[in-house]
Number of protein chains: 2
Amino acid sequence: MKKGKITIHDISKELGINSSTVSRALNNSSRVTQKTKDKILKKATELGYQRNSLASKLRTNKTNTIGVIVPRISRQFFSSVISGIEETAYDAGYEVIICQSLDNLEREQKLIETLLSNRVDGILISVSTQTLGKDDFNNCKQNETPIIFFDRPYNIEENTNVIIDDFKAGFEATEHLILNGCKNIVHFSGPQHSELYKRRKNGYLAALKKYNLTIDFNYIIASNLMKSDGIENAKKILDLSKVDAVFSANDVAAISAMIYLKDKGVKIPDEIAFVGFSNEQISAVIEPSLSTISQSDFKMGTVAATLLFKQIEQKTTIKEGYTKILEPKLIIRNSSQKIIL
Amino acid sequence: MKKGKITIHDISKELGINSSTVSRALNNSSRVTQKTKDKILKKATELGYQRNSLASKLRTNKTNTIGVIVPRISRQFFSSVISGIEETAYDAGYEVIICQSLDNLEREQKLIETLLSNRVDGILISVSTQTLGKDDFNNCKQNETPIIFFDRPYNIEENTNVIIDDFKAGFEATEHLILNGCKNIVHFSGPQHSELYKRRKNGYLAALKKYNLTIDFNYIIASNLMKSDGIENAKKILDLSKVDAVFSANDVAAISAMIYLKDKGVKIPDEIAFVGFSNEQISAVIEPSLSTISQSDFKMGTVAATLLFKQIEQKTTIKEGYTKILEPKLIIRNSSQKIIL
DNA sequence: TTTTAAAATACAATCGATTGTATTTTAAAA
DNA sequence: TTTTAAAATACAATCGATTGTATTTTAAAA
């Protein structure tokens, strides 16, 4: 057995057939007769031939590979999006390279560089929370490598984005609480520079307005929505009087706040009702189970991937500022259903 | 601006310096003077040059890339292992390609093929539950591509494996329950062909023996340990008399059983105590919080990756049947602590 | 049997970077 | 100024697969 990898030239030599014919046979070209194909394929398996994708990709200038960057693969939402992307890619004949930025900008930039130098045909990304600039992804554009942003919108005027209707989600979550008898609803918001959290907040405000509830800006608590922030927020709630509900812009903060409040003897949902955001796996398991917003994650993956493949294959210049907005879905569980007397 | 990607030849032409010198300058070779390097680097950034890794990898016959295959990236344990791998790889200058098999053998085989044809330098894999054969990975060996198995051992006699001491974990979990006053301990076991589940079971049996408790094989319930299996198992428990504890070979089944039993009015841990396995994220959040075994996940990643890099760089033939066994850690939470009168 | 068109296969260049060897340049010594 | 060794740069082959064009083979028609 020859050491090292087998190439088409090895097959070529063994059979006395030119390597171009071997290549065509392996790619099932109509320019090679079935008889020759059979001979070549047999020899290929016999030698344990395995195409060198690097050479093929270099020559054809097409990798049939896309890169996906998310903050963390462990988060339920992202892994569902990735599943959606992978299914779509699988059907379209693309390979997928999954990367996590750990919400770190420097790392994210490095990943982009790596993906570009590996000549991916396109990139799907949910940007890190540190990504604030307007032209962090110029290297892609310079390269004419299509890039599509999902979940966390990025410079909507100039890029392709796939997001959910955060305003509507915020509105529906809040309205649901109001219809369940809540009147003094606190909102846990995220970093205020983020468009996404602004929209959720605006949805919240619009719902209060619709039902003529007083808007108290002390009731809007901004934070990074981490576990510890939830606890801090919960402490603040205990200082505010009359709070009877919380709409949190993510599940993590909602859950840690709930646990803290329960520990302090607060009855949930009867004294304080909760609605979260994201439909993390834990939200179904915690007690009481947390009502939340599902971001149609799998679908977001398929939609983003489909858009990307279209851009890659049409090779059209990317239409600036196209945004696809998906519908959110309110999932009603126990944390928001008060016993209305 | 030239359309398409910039190559070293473009830089070469622009500056009238041969492309070999350009290549050496970009790789910071000592054969190029600093003055020339500066000129070349400046022009490279000016033109937006980006190395074509495909060409480089093809020429050098080294990709500095490893592939990682896990059943699902969303599972807490696997994403932690991956983090461990990525950190180690980052330090060692390797890229990581993450793939999920979805516990599907066909898909797993396809991923292996793709990784090999992309000429990864090595592979880390936690095999799918469908992978039962003894030589599913011959294509790697034929290729002389190192492959290391983690978490789920595979053909221990012939391959490199990184696993935890499942026997010890089973023993400690069971002993912990015994020391908390439990005498009639049910064991939820997994598919009986699996070495891993056999070892956990043997640990359980050894603990019973050590404390002179009767071994009743009706108390060992085998299943696939999915959510639904947990519920089925819980029903069976209700039919058995005297059960006062459960040691489950994973958290998922333990949790669904707990929820079912709680619903039926069983007090946990006072009537039936629980210990799970894996330390899934949910296990800390459920009520009562679930005692479980931590599989030193992050460390498993670093250890497996370190081993792999060693194999890649030494280019030694893979020593057959080397198994690295990591220590498990019992995490005691509320589900296992009875009030002993 | 010779001619000819179609089918099959071979030739050779190419993708972009790397690298051993050859050549040129530089600068010090003769 | 010429010689010479060292430093710097250029030449050319190479990694493995692909593909437009050229050549050969096949088989039918003349």
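Numbered from 1 within each chain, the chains take letters A, B, ... in sequence-line order.
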> Looking at B:R152 and B:D103, does any basic side-chain N land under 4.0 Å from a carboxylate oxygen?
yes

> For A:K37 and C:dA7, give me the distance from atom NZ to atom C1', rounded to whole Å.
13 Å

> Can you measure B:I40 atom CD1 to D:dA10 atom C1' for me and round it to whole angstrom units?
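Distance check: B:I40 CD1 to D:dA10 C1' gives 12 Å.
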
> Under 4.0 angstrom, heavy atoms only, what part of the nucleic acid is B:V32 near: base, sugar-phosphate, or nothing?
sugar-phosphate

> Could you state the atom-to-atom distance from CD of B:Q34 to P of D:dA8 in whole Å?
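Roughly 11 Å, once rounded to whole Å.
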
> May I ask you to test the A:R51-B:E113 pair for a side-chain heavy-atom distance under 4.5 Å?
no

> With side-chain contact (heavy atoms from CB on, under 4.5 Å) as the criterion, how do B:T114 and B:L116 come out once you've worked through the C-alpha distance, each side chain's angles and the decisive distance to 0.1 Å?
CA-CA 5 Å; B:T114 304; B:L116 289 178; over 6 Å; no

> Can you find a pair of side-chain heavy atoms, one from B:F77 and one from B:M300, that are under 4.5 Å apart?
yes

> Could you tell me the separation between the CD1 atom of B:I17 and the P atom of C:dT25, rounded to a whole number of Å?
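To the nearest whole Å, that distance equals 14 Å.
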
> Specify whether B:F149 and B:Y154 have parallel, tilted or perpendicular ring planes, treating 30° as the upper limit for parallel and 60° as the lower limit for perpendicular.
parallel

> Using a 3.5 Å cut-off and no angle test, enumerate the donor-acceptor pairs between side-chain atoms of residues 89-100 of chain A and protein atoms at least two apart in sequence or in another chain.
residue, atom, partner, partner atom, Å
A:Y90, OH, B:K110, NZ, 3.0
A:Y94, OH, A:K62, NZ, 3.2
A:Y94, OH, A:E313, OE2, 2.7
A:E95, OE1, B:N118, ND2, 3.1
A:Q100, OE1, A:I73, N, 3.1
A:Q100, NE2, B:E86, OE1, 3.1

> Under the 3.5 angstrom rule, does the side chain of A:S12 hit a backbone N or O of A:I8 as a donor-acceptor pair?
no

> If the test is side chain to side chain contact (heavy atoms under 4.5 Å, CB included), which one of B:L124, B:I148, B:V120, B:T145 qualifies with B:I66?
B:L124

> Given pairs defined as Watson-Crick or G-U wobble with both distances under 3.5 Å, what dot-bracket annotation applies to DNA chain C, with ( ) intrastrand, [ ] crossing, | other strand and . unpaired?
||||||||||||||||||||||||||||||

> Distance check needed: D:dA8 C1' versus B:D38 CG, whole Å only.
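From B:D38 CG to D:dA8 C1': 15 Å.
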
> Each nucleotide in nucleotides 15-21 of chain C should get exactly one letter: B, S or -. Can you fill that in based on protein heavy atoms under 4.0 Å?
BBBBBBB

